[in-house]
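Every chain is numbered from 1, with letters handed out A, B, ... down the list of sequences.
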Amino acid sequence: MTLLSIRNLEVHYGDLIGVADVSLDVAEGEVVALLGSNGAGKTTTLNAVAGLIPASGGSITFAGERIDGKPAYAVVSRRIGLSPEGWRLFVGQSVENNLMLGATPLADRSRAAPLLERVYAIFPRLAERRLQLAGTMSGGERQMLAVGRALMSDPRLLMLDEPSLGLAPATVEIMYETLERLHGEGLTILLAEQSVELALEFADRAYVLQVGRTVMSGTASDLADDPEVQKVYLGMG
Amino acid sequence: MSATLVQVIVGGLLLGAIYALFSSGLTLIWGMMNVVNFAHGDFVMVAMYIAYVVYVLLGGGPLASVPIAAVSLATIGILAYFLLVRHVMRGPMIAQILGTFGLALLLRYSMFGAAGANFLSLPDNLVGGTYEIFGIRLQASRVVAGIVALLVTAGLHLLLTRTSLGSKMLAVSEDATAAQLMGIRPDYMQAIAWGIAAGATGIAGALIATFFYISPTVGETLAIIAFVTVALGGFGSVPGALVAGLLIGLIESLSAYWIGGVWKDVVVYILFIFVLWFRPQGLMGKS
Ligand SMILES: Nc1ncnc2c1ncn2[C@@H]1O[C@H](COP(=O)(O)OP(=O)(O)O)[C@@H](O)[C@H]1O
Ligand SMILES: [Mg+2]
């Protein structure tokens, strides 16, 4: 079943174009990667789905319902979680407060405590630092917190904007092992990633964005074997 | 230390606690949304008239007027947010200044129209008269007002730092966009902040009315104290407002005792400028 469906998405930043024509589908239980060099439109696409920026054209459908035009607070309560670019943590608050804020959209508040335990089980590092201010954490820990916070809303679709950016290789490995495990538990994932190799290893399918358009798509293994992919990337270097 | 000096110190701190209370609302609004509410002093003024009306109509003291003024002012604060602030916030800084300043004038001159320019006051013995403890003479109204103000200010701080509502409000003030990703509606949190801030001025106004004259322009005097308290304590910091309020009350009281009543404000402002020289972010503000 198709969970998320984007058709001819167009987003503007004032007079500037963020994305011009993006179409993609994510099926329930799938891991889909958005590939593309810096400025290709990956962040813009994810933010438009999350409702952080309005679409100026096209449609976004989630679980059969149009969600484009809905504000971010209404989108997240439909169980779409985003770990945004730059993490956007509440640096003046504790790790645990950040996580509990992530649980705000839950209709049933009593589920917050078990979800918190689950996130602490996934990222024991966060449990160790639960009373520390988010602003005092390292890059890797912040990435974990951003993902953990998105998980606190118990999303059906988890969107991740460059979960490997700026992290030490060992931390990247931990992050991807974790995502693999969440996927194994049935979570649907849409991730933006500049590291093609990493993304294609993890994802079932991928879309390649180039200057705001989806220019190529396929299964991860097909794209990994396709010399065209390498060329597109080298071409955009 | 002479008993008189102790009395001056205690009196200053009790007054300072009230400064802290009505300043904490101003600092909360500033910290949450970078809006200066120029109508803040006039909110206190309205609360003082509510206390007067409660006395005249119901014969009630602060036990009745404090909750009534708190609820009325919280309602006024929420209305002010939805009808005015939310709209001017999107405009330039000058729109916010003129918007809330306009609200201040509206409240002030409506009160002139409704109540006239006469100075009113509540009877001295509304709250139990004056007592002597260990040789210190204390006016019961001031003791009650000071202690209630301390408790409410501390409660406000606990609300912001220890509850999930406070955490959501701080989240909106840190990053309203990211707060939306948490399913939080920034406008609701800001409206609640206006309700809380104005409600606090309601409590403060009803308490002040038990020992201070009531007039349509009293808000002006009080607003200046609130701005100085907030700037001295650090914009956005409730503990800062508490420390600064107590300090200003104390300094006012001591300088009135040592130098003379007419000089007390001069001393306060000299110290104020002196502190801002070295700590422009205020005593407890973030640089
Ligand atoms: N806040 C913004 N204001 C103006 N233009 C922006 C903004 N954010 C992104 N863009 C532009 O939109 C395009 C897509 O950017 P982005 O979605 O961030 O790409 P990616 O995440 O793939 O690096 C780029 O041309 C970028 O310059
Ligand atoms: Mg990006």
Side-chain angles (χ1 to χ4, degrees), chain A residues 46-47 49-54 70-107 109 112-113 116 131 133-135 142 145-155 158-161, chain B residues 24 27-34 81-82 86-87 89-92 156-193 233-241 281-282 284-287:
Chain A
L46 296 184
N47 285 357
V49 173
L52 291 176
I53 18 168
K70 295 207 186 308
Y73 57 79
V75 171
V76 68
S77 63
R78 286 170 170 73
R79 298 181 61 198
I80 300 179
L82 170 66
S83 166
E85 182 173 64
W87 309 317
R88 307 293 284 264
L89 299 174
F90 303 106
V91 292
Q93 299 197 48
S94 68
V95 167
E96 187 147 306
N97 271 12
N98 271 270
L99 291 172
M100 289 309 286
L101 283 165
T104 310
L106 293 175
R109 293 293 302 165
L116 185 67
L131 298 179
L133 290 186
R142 288 182 195 217
L145 182 53
V147 174
R149 191 179 65 174
L151 287 172
M152 286 298 292
S153 63
D154 192 22
L158 176 64
M159 301 193 292
L160 303 155
D161 201 338
Chain B
S24 59
T27 212
L28 171 67
I29 296 295
W30 172 270
M32 247 192 95
M33 41 216 253
N34 281 343
Y81 174 76
F82 280 115
R86 195 168 52 141
H87 306 287
M89 258 174 66
R90 289 196 295 263
L156 190 62
H157 178 61
L158 291 180
L159 174 79
L160 287 174
T161 54
R162 295 287 153 82
T163 69
S164 105
L165 176 65
S167 166
K168 285 177 199 165
M169 289 170 59
L170 288 181
V172 170
S173 78
E174 276 193 60
D175 185 341
T177 307
Q180 285 202 49
L181 275 182
M182 311 292 107
I184 297 167
R185 282 193 67 154
D187 55 344
Y188 283 9
M189 289 303 135
Q190 288 170 345
I192 291 172
F235 290 100
S237 167
V238 172
Q281 73 273 37
M284 296 173 81
K286 295 184 195 83
S287 49

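To the nearest 0.5 angstrom, I184(B) atom CD1 is 4.5 Å from T104(A) atom OG1. Taken from CG in N98(A) to CD in E174(B), the straight-line distance is 7.5 Å, to the nearest 0.5 Å. Considering OH of Y73(A) and CZ of R185(B), their distance stands at 3.0 Å, rounded to 0.5 Å. In this structure, L181(B) CG and L101(A) CG are separated by 11.5 Å, a value rounded to the nearest 0.5 Å.
For R78(A), the salt bridge (Lys or Arg N to Asp or Glu O under 4.0 Å) partners are E65(A), not counting sequence neighbours. Shown here are the salt bridge (Lys or Arg N to Asp or Glu O under 4.0 Å) partners of E96(A), two or more places apart in sequence or in another chain: R130(A).
The part of L52(A) that comes within reach of chain B is its side chain, from C-beta onward, which places non-hydrogen atoms under 4.5 angstrom from that chain. The parts of V91(A) that come within reach of chain B are both its backbone and its side chain, each placing non-hydrogen atoms under 4.5 angstrom from that chain. Within the 4.5 angstrom heavy-atom criterion, atoms from both the backbone and the side chain of Q180(B) approach chain A.
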Could you pull out every donor-acceptor pair under 3.5 Å between side chains of residues 164-171 of chain B and any protein atom, sequence neighbours left out?
from	atom 1	to	atom 2	distance (Å)
S167(B)	OG	Q93(A)	OE1	2.9

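Residue-level contacts of residues 146-154 of chain A with chain B, in order of numbering, are R149(A); threshold 4.5 Å between heavy atoms.
More than 12 heavy atoms of other residues, nucleotides or ligands shown are found within 6.0 angstrom of CZ on F82(B). Counting non-hydrogen atoms of other residues, nucleotides and ligands closer than 6.0 Å to CZ of R109(A) gives a total above 12.
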